[in-house]
There are 2 protein chains.
Amino acid sequence: MKLKLPSETVFHTIESTIKEYRKFAQQNISEAIPEMTIDQGLVLLFLNKFPEMTQKEIAELVFKDNASMTRMINTMVKKNFIKRSMNDSDRRRYKLEITTKGKEVLETLPPIIHHNRNSSLKGISKNELEQLQAILNKIRLNCQNK
Amino acid sequence: MKLKLPSETVFHTIESTIKEYRKFAQQNISEAIPEMTIDQGLVLLFLNKFPEMTQKEIAELVFKDNASMTRMINTMVKKNFIKRSMNDSDRRRYKLEITTKGKEVLETLPPIIHHNRNSSLKGISKNELEQLQAILNKIRLNCQNK
DNA sequence: GTAATATATTTGATATATCAATTATATTTG
DNA sequence: CAAATATAATTGATATATCAAATATATTAC
């Protein structure tokens with residue numbers, strides 16, 4: 001069976017691209033906000049936009065499972081970015097509140113994220129971006145429907 | 001600062017695509033070969049093709065750092081897929097040998113990988129694949145040159 | 001040839017990924 | 001309403017990710 005080496009496939013390219021972007025973005029974030037990871041930043045952004053969101057819902061949006069999300073929230077609480085409090089209308093879930101420190105991060109973060117996205121997409125046309133999304137979505141759907 | 005939600009960006013699409021592919025591929029591998037992860041499979045493929053490869057070199061090809069690779073090799077040794085032995089020409093590095101069990105995996109794995117790649121890329125033209133690679137490479141380079 | 005530097009790998013610490021099992025609370029069904 | 005089922009979150013176990021520091025061996029420079 002003749003098989004392309006993994007490093008010659010498009011999957012390798014996808015992996016290396018997203019990893020390179022993550023590294024790049026993380027560096028820029030770390031310079032401005034110590035102790036803050038990309039994913040923790042995303043959680044803050046989502047919570048800020050949708051304050052009622054449950055851990056489970058956030059988890060889906062950032063591609064984590066519930067167990068990972070529990071632990072991520074734990075460390076974010078330990079680092080004082082957010083606070084857990086009881087949700088009386090449904091006591092299985094928590095209310096997640098952004099602390100003052102978390103709100104400061106929400107001031108600092110957006111320009112950095114904006115810069116990260118912009119400079120990593122420099123020289124790429126709107127049309128190219130749409131094609132990229134379309135092709136990736138095809139692959140994603142192929143993987144889901146089996 | 002108006003910022004797109006993370007879930008509306010191309011980075012989200014890239015992440016979800018590669019994660020969906022990994023989940024899909026891992027399921028198919030697990031059905032045939034228990035205890036074997038995608039990345040461990042890739043390590044075997046590379047080692048088989050380039051028997052002299054060091055842990056460091058393999059690590060680069062599968063996007064791990066050296067520490068992760070050390071631990072991955074440890075578990076692959078524990079599971080008896082490969083064997084470490086001394087390399088007398090350079091005693092800092094190991095010789096990594098594929099065991100009989102590892103060789104059996106190398107018989108079973110390629111058709112599965114072939115199927116994984118093929119079915120996830122179904123309906124995507126050669127031209128689209130090239131575009132995809134080209135655009136991703138642009139992004140990757142943008143991230144590296146900062 | 002020895003000291004300084006470089007390289008390959010490991011280890012420790014902490015965070016995250018993943019699966020399966022558990023807990024606590026809600027909802028549904030008979 | 002009580003029993004069965006569903007849901008949100010946690011926990012345990014194991015693997016991996018990442019950074020920094022440590023080890024052991026090689027190479028280079030003086």
Side-chain angles (χ1 to χ4, degrees), chain A residues 15-16 18-27 29-31 34-43 47 52-79 81-96, chain B residues 15-16 18-27 29-31 34-43 47 52-79 81-96:
Chain A
E15 285 256 12
S16 71
I18 195 66
K19 290 222 172 177
E20 212 56 62
Y21 173 71
R22 282 187 155 268
K23 201 188 299 176
F24 166 64
Q26 182 64 64
Q27 275 170 2
I29 290 174
S30 295
E31 280 169 19
E35 310 266 293
M36 168 67 55
T37 69
I38 300 186
D39 288 326
Q40 290 172 8
L42 298 187
V43 169
L47 260 184
E52 298 305 315
M53 217 164 236
T54 64
Q55 295 185 188
K56 189 174 151 64
E57 288 165 334
I58 299 172
E60 269 168 40
L61 283 168
V62 294
F63 309 115
K64 318 277 173 200
D65 77 343
N66 296 342
S68 298
M69 188 47 62
T70 291
R71 283 150 182 149
M72 235 178 110
I73 300 276
N74 285 347
T75 71
M76 291 180 75
V77 168
K78 209 183 333 171
K79 289 179 180 165
F81 294 121
I82 55 184
K83 200 170 78 117
R84 262 195 263 243
S85 55
M86 274 303 155
N87 181 334
D88 286 324
S89 69
D90 183 344
R91 298 177 48 204
R92 288 169 305 183
R93 64 176 67 175
Y94 289 110
K95 230 182 314 193
L96 297 174
Chain B
E15 285 256 12
S16 71
I18 195 67
K19 289 221 172 177
E20 211 56 61
Y21 173 71
R22 282 187 155 268
K23 200 189 297 176
F24 166 64
Q26 182 64 64
Q27 275 170 2
I29 290 174
S30 295
E31 280 169 19
E35 310 266 293
M36 167 66 56
T37 69
I38 300 186
D39 288 325
Q40 290 172 8
L42 298 187
V43 169
L47 260 184
E52 297 304 314
M53 217 164 236
T54 64
Q55 296 185 189
K56 190 174 151 62
E57 289 165 334
I58 300 172
E60 268 168 41
L61 282 169
V62 294
F63 310 116
K64 317 277 172 200
D65 78 341
N66 296 341
S68 298
M69 187 48 60
T70 291
R71 281 149 182 151
M72 235 178 111
I73 300 276
N74 285 347
T75 70
M76 291 179 75
V77 168
K78 209 182 334 171
K79 290 178 181 166
F81 294 121
I82 55 183
K83 200 170 78 118
R84 263 195 261 243
S85 55
M86 275 303 155
N87 181 335
D88 286 325
S89 69
D90 182 344
R91 297 177 49 204
R92 288 169 306 183
R93 65 176 66 175
Y94 289 110
K95 230 182 314 190
L96 297 173

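Lettering of chains follows the sequences in order, A, B, ..., and the numbering in each one begins at 1. Just the heavy atoms: all of them, side chains too, but no hydrogens, waters or symmetry mates, feed the values below.
Within the structure, every side-chain polar atom (N or O) of Lys56(B) is placed at least 4.0 Å from both OP1 and OP2 of dT9(C). For dT18(C), neither phosphate oxygen OP1 nor OP2 lies less than 4.0 angstrom from any side-chain nitrogen or oxygen of Gln26(B). Distances shorter than 4.0 Å separate some side-chain N or O of Lys78(A) from OP1 or OP2 on dA15(C). Under 4.0 angstrom from either OP1 or OP2 of dT16(C) there lies at least one side-chain N or O belonging to Thr75(A). The shortest distance between the side-chain N/O atoms of Gln40(B) and the OP1/OP2 oxygens of dT16(D) is below 4.0 Å. Residue Arg93(A) places no side-chain N or O under 4.0 Å from the OP1 or OP2 atom of dT10(D). Applying the 4.0 Å criterion to OP1 and OP2 of dT10(C), one finds that Arg84(B) has a side-chain N or O inside that range. Contact between the side-chain N/O atoms of Ser68(A) and the OP1/OP2 oxygens of dT16(C) is not found at any separation under 4.0 Å.
Atom-to-atom, CD of Gln27(B) to P of dT18(C) comes out at 12 Å; the value is rounded to the nearest Å. Between the CG atom of Asp65(A) and the C1' atom of dA15(C) there is a distance of 14 Å, rounded to whole Å. Remark: C1' of dT7(C) and CG of Asp90(B) are 8 Å apart, rounded to the nearest angstrom. The distance between atom CD1 of Ile38(B) and atom C1' of dT18(C), rounded to the nearest whole Å, is 13 Å. Between the C1' atom of dA15(D) and the CG atom of Asp39(B) lies a distance of 11 Å, rounded to the nearest Å. Separating the CE atom of Met36(A) from the C1' atom of dA15(C) is a distance of 14 Å, rounded to the nearest angstrom. Here the C1' atom of nucleotide dT11(C) and the CE atom of Met69(B) are 17 Å apart, to the nearest Å. Between Phe24(A) atom CZ and dT18(D) atom P the separation is 17 Å, expressed in whole Å.
The residue among Glu57(B) and Lys64(A) whose nearest nucleotide of DNA chain C is located toward the 5' end is Glu57(B). Projected onto DNA chain D by closest heavy-atom contact, Met53(A) and Thr37(B) fall at different nucleotides, the more 5' of which corresponds to Met53(A).
As the counterpart of dG30(C), dC1(D) is assigned, both hydrogen-bonding distances of the Watson-Crick or G-U wobble pattern falling under 3.5 Å. When both distances must be under 3.5 Å, the Watson-Crick or G-U wobble mate of dT14(D) is dA17(C).
Looking at the side chain of Asn66(B), the nearest of the listed nucleotides dA17(C), dC19(D), dT10(C) is dT10(C). The listed nucleotides are dT10(D), dA15(D), dC19(C); the one nearest the side chain of Gln55(A) is dT10(D). When each of dC19(D), dA15(D), dA9(D) is scored by its nearest atom to the side-chain atoms of Ala67(B), the top-ranked nucleotide is dC19(D).
A salt bridge is defined here as a Lys NZ or Arg NE, NH1 or NH2 lying under 4.0 Å from an Asp or Glu carboxylate O, and Glu52(A) with Lys95(A) fails to meet this definition.
In this structure, the side chain of Thr75(A) engages the main chain of Met72(A) through a donor-acceptor pair within 3.5 Å.
At the heavy-atom level, Met72(B) lies under 4.0 Å from the strands shown only through sugar-phosphate atoms. Base engagement by Thr70(B) is indicated by at least one non-hydrogen atom pair under 4.0 Å involving a base atom.
The two residues Ile38(B) and Ala25(B) have their closest heavy-atom pair at CD1-CB, 3.8 Å. For Tyr94(B) against Met86(B), the heavy-atom pair with the smallest separation is CE2-CE, 3.6 Å. Shortest non-hydrogen contact noted between Met69(B) and Gln55(B) is CG-O, 3.5 Å.
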**OP:** Apply side chain to side chain donor-acceptor pair (under 3.5 Å) to the pair Asn66(A) and Ser68(A), showing each step before the final yes or no.
**Re:** CA-CA 5 Å; Asn66(A) 296 342; Ser68(A) 298; over 6 Å; no
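Scanning atom types as modelled, no donor and acceptor separated by under 3.5 angstrom connect the side chain of Arg71(B) and the base of dT9(C). If you check distances only, the side chain of Arg92(B) does reach the base of dT7(C) with a donor-acceptor pair under 3.5 Å.
Arg91(B) CZ: 12 or fewer foreign heavy atoms inside a 6.0 Å radius.
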